[in-house]
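Encoded as structure tokens, here's the structure I'll be asking about.
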Amino acid sequence: MAKTTTLMSDATLRSAVERELEWDPKIDSAHLGVSAKDGAVTLSGHVPSYLQKVAAVRAAERVFGVKAVADEIEIDLPAAGKRDDSEIAEEIARERSWNTLIPDSIEADVRKGYVHLRGEVEWRYQRDEAENAVRHLWGVKGVDNAITVKPRVKPKAGEVEHRVEDAIERMADLDARSIWVTTTNGTVHLHGHVRSFTERRIAEEAAEAAPGVTMVDNEIAVVP
């Protein structure tokens with residue numbers, strides 16, 4: 001009897017993820033496959049762009065009951081979306097020319113459709129903005145974000161930890177009592193448990209926004 005319950009639970013979770021993928025207008029889910037086992041979801045198949053690949057993973061993470069997502073989605077660019085590396089590089093240059101959130105210290109290389117970002121920035125949001133600016137471009141198959149965060153002014157010992165804790169406590173969607181924070185040389189380690197991937201991401205984004213944070217190691221467990 002216990003085995004039947006587990007199978008039904010897996011089937012229910014798989015169905016919920018499939019419905020979420022179909023519901024999201026940013027995703028063409030016709031060629032996506034979903035499997036689920038004990039809260040771990042695997043996405044397979046193919047989509048026509050890297051942006052849809054990212055959106056599919058985010059959609060699966062939104063579903064209540066999902067504890068982990070394995071991304072095995074491939075990108076199958078349509079003929080109209082195929083571009084050579086020089087065309088993608090030119091498009092990235094245009095994106096950078098008007099996006100004032102991306103500093104000049106960031107460099108981008110394109111190899112076989114994969115964009116490699118490198119350089120140094122002062123804030124974590126600048127690193128994320130650089131990736132967001134290129135992953136929606138036609139022809140991009142993936143993004144390797146190797147940008148490092150180096151704050152101009154380093155906070156005093158313990159100050160980063162306090163600021164992150166304070167930021168998490170302000171989040172209305174989080175139970176701060178179930179999360180605790182440790183820091184090591186600018187790297188923030190998040191521990192504890194939350195009820196969904198959405199809450200896990202909210203905690204991570206709150207930590208990333210704190211001054212002095214160079215990296216976030218999110219060890220929060222999802223426990224529906």
Side-chain angles (χ1 to χ4, degrees), residues 17 20-21 24-34 41-62 68-152 186-188 197 200-201 204-205 207-210 212-218:
V17 172
E20 185 69 15
L21 292 172
D24 194 323
K26 297 188 296 294
I27 304 168
D28 179 3
S29 62
H31 302 287
L32 289 177
V34 180
V41 170
T42 300
L43 302 178
S44 57
H46 60 87
V47 291
S49 71
Y50 179 64
L51 184 63
Q52 288 199 34
K53 178 183 172 79
V54 174
V57 174
R58 293 289 179 88
E61 291 176 348
R62 287 197 298 266
V69 178
D71 176 15
E72 297 181 359
I73 300 173
E74 297 182 356
I75 298 174
D76 185 13
L77 294 173
K82 293 180 179 178
R83 309 163 78 183
D84 60 36
D85 292 347
S86 62
E87 291 176 307
I88 297 174
E90 290 173 3
E91 184 72 10
I92 292 174
R94 285 192 290 269
E95 287 281 328
R96 294 185 57 179
S97 67
W98 63 263
N99 193 333
T100 57
L101 296 179
I102 303 176
D104 294 335
S105 58
I106 295 177
E107 298 180 0
D109 294 329
V110 185
R111 303 169 195 166
K112 297 182 179 180
Y114 289 86
V115 180
H116 304 267
L117 300 174
R118 64 181 186 276
E120 295 181 1
V121 294
E122 184 178 358
W123 295 89
R124 177 65 183 240
Y125 81 84
Q126 295 171 318
R127 181 181 190 273
D128 295 338
E129 184 63 30
E131 181 172 340
N132 292 336
V134 302
R135 68 184 180 191
H136 72 279
L137 301 179
W138 274 111
V140 172
K141 297 180 179 179
V143 180
D144 173 28
N145 194 341
I147 299 170
T148 58
V149 179
K150 289 192 175 181
R152 186 176 303 173
T187 297
V188 173
F197 256 101
R200 188 176 190 270
R201 189 176 299 281
E204 183 172 334
E205 291 176 349
E208 289 176 347
V213 173
T214 59
M215 185 178 299
V216 176
D217 177 21
N218 193 343

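Scope of the values below: all heavy atoms of this structure, side chains included, with no hydrogens, waters or symmetry mates. Predicted model, so just to flag it, every value in this text is computed and none were measured. Throughout, numbering of the chain's residues begins at 1 and tracks the sequence.
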To the nearest 0.5 Å, how far apart are OG1 in Thr100 and CD in Glu129?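 So the OG1 of Thr100 and the CD of Glu129 are separated by 8.5 Å.
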For Leu43 and Ala60, work out which heavy atoms get closest and say how close.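 Nearest heavy atoms, Leu43 then Ala60: CD1-CB, 4.0 Å.
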When you measure from the side chain of Gln52 to the backbone N and O of Asp28, does any donor-acceptor pair fall under 3.5 Å?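 At least one qualifying donor-acceptor pair exists.
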What are the two closest non-hydrogen atoms of Trp138 and Ile88, and how far apart are they?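 So the minimum-distance heavy-atom pair works out to O-CG1, 4.1 Å.
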Could you give the distance from CG (Asp128) to CD (Glu205), rounded to the nearest 0.5 Å?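 These two atoms lie 8.0 Å from each other.
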Leu137 side, atom CG; Arg94 side, atom CZ - distance, nearest 0.5 Å: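 Going from the CG atom of Leu137 to the CZ atom of Arg94 covers 9.0 Å.
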Can you name the nearest heavy-atom pair linking Leu32 to Ala56, along with the distance?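 Heavy-atom minimum between the residues: CD1-CB, 4.2 Å.
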Using a strict cut-off of less than 4.0 Å between a Lys/Arg side-chain nitrogen and an Asp/Glu carboxylate oxygen, indicate whether Asp24 and Arg58 qualify as a salt bridge.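 No, Asp24 and Arg58 are not salt-bridged.
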What pair of heavy atoms forms the shortest contact from Val134 to Val115, and how long is it?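 For Val134 versus Val115, the nearest heavy atoms are CG2-CG1, 4.3 Å.
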Measure the spacing between CG of Asp85 and NZ of Lys112 and express it to the nearest 0.5 Å.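 That separation rounds to 9.0 Å.
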Glu74 atom CD: more than 12 heavy-atom contacts under 6.0 Å: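 Result for CD/Glu74: open.
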Can you tell me how far the OG atom of Ser44 sits from the CG atom of Asp71, to the nearest 0.5 Å?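 With rounding to 0.5 Å, OG (Ser44) is 10.0 Å from CG (Asp71).
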CZ of Arg135 to CG of Leu117: how many Å apart, nearest 0.5 Å?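 Arg135 CZ to Leu117 CG: 11.5 Å, rounded to 0.5 Å.
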Ile73 backbone acceptor or donor facing Lys53 side chain under 3.5 Å: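 It does hold such a pair.
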For residues 142-152, please give each side-chain donor-acceptor pair under 3.5 Å, one per line with the distance, not counting sequence neighbours.
{"unit_1": "Asp144", "atom_1": "OD2", "unit_2": "His116", "atom_2": "ND1", "d": "3.4"}
{"unit_1": "Asn145", "atom_1": "OD1", "unit_2": "Ile147", "atom_2": "N", "d": "3.2"}
{"unit_1": "Asn145", "atom_1": "ND2", "unit_2": "Arg127", "atom_2": "O", "d": "3.3"}
{"unit_1": "Asn145", "atom_1": "ND2", "unit_2": "Glu131", "atom_2": "OE1", "d": "3.1"}
{"unit_1": "Thr148", "atom_1": "OG1", "unit_2": "Gly119", "atom_2": "O", "d": "3.3"}
{"unit_1": "Lys150", "atom_1": "NZ", "unit_2": "Glu120", "atom_2": "OE2", "d": "3.2"}
{"unit_1": "Arg152", "atom_1": "NH2", "unit_2": "Glu122", "atom_2": "OE1", "d": "3.4"}

Can Arg111 and Asp109 be said to form a side chain to side chain contact (heavy atoms under 4.5 Å, CB included), step by step? CA-CA 7 Å; Arg111 303 169 195 166; Asp109 294 329; 3.9 Å; yes
Quick one: does Arg96's side chain have a donor or acceptor within less than 3.5 Å of a partner on Ile106's backbone?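 Yes; judged by distance alone, with no hydrogens or angles, the pair exists.
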Would you say Lys141 and Tyr50 make side-chain contact, with heavy atoms under 4.5 Å?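 Not in contact.
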With sequence neighbours excluded, residues passing ring-ring contact (aromatic ring centres under 6.0 Å, His included) with His46: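 His46 satisfies ring-ring contact (aromatic ring centres under 6.0 Å, His included) with His31 only.
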For Ala55 versus Lys26, what's the shortest heavy-atom pair and its separation?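 Nearest pair, atom of Ala55 first, then Lys26: CB-CE, 4.2 Å.
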Verdict with supporting geometry, Phe197 and Arg200, side chain to side chain contact (heavy atoms under 4.5 Å, CB included): CA-CA 5 Å; Phe197 256 101; Arg200 188 176 190 270; 4.2 Å; yes
Search all heavy atoms of Ile102 against all heavy atoms of Ala133 and return the closest pair with its distance.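 That would be CD1-CB, 3.6 Å.
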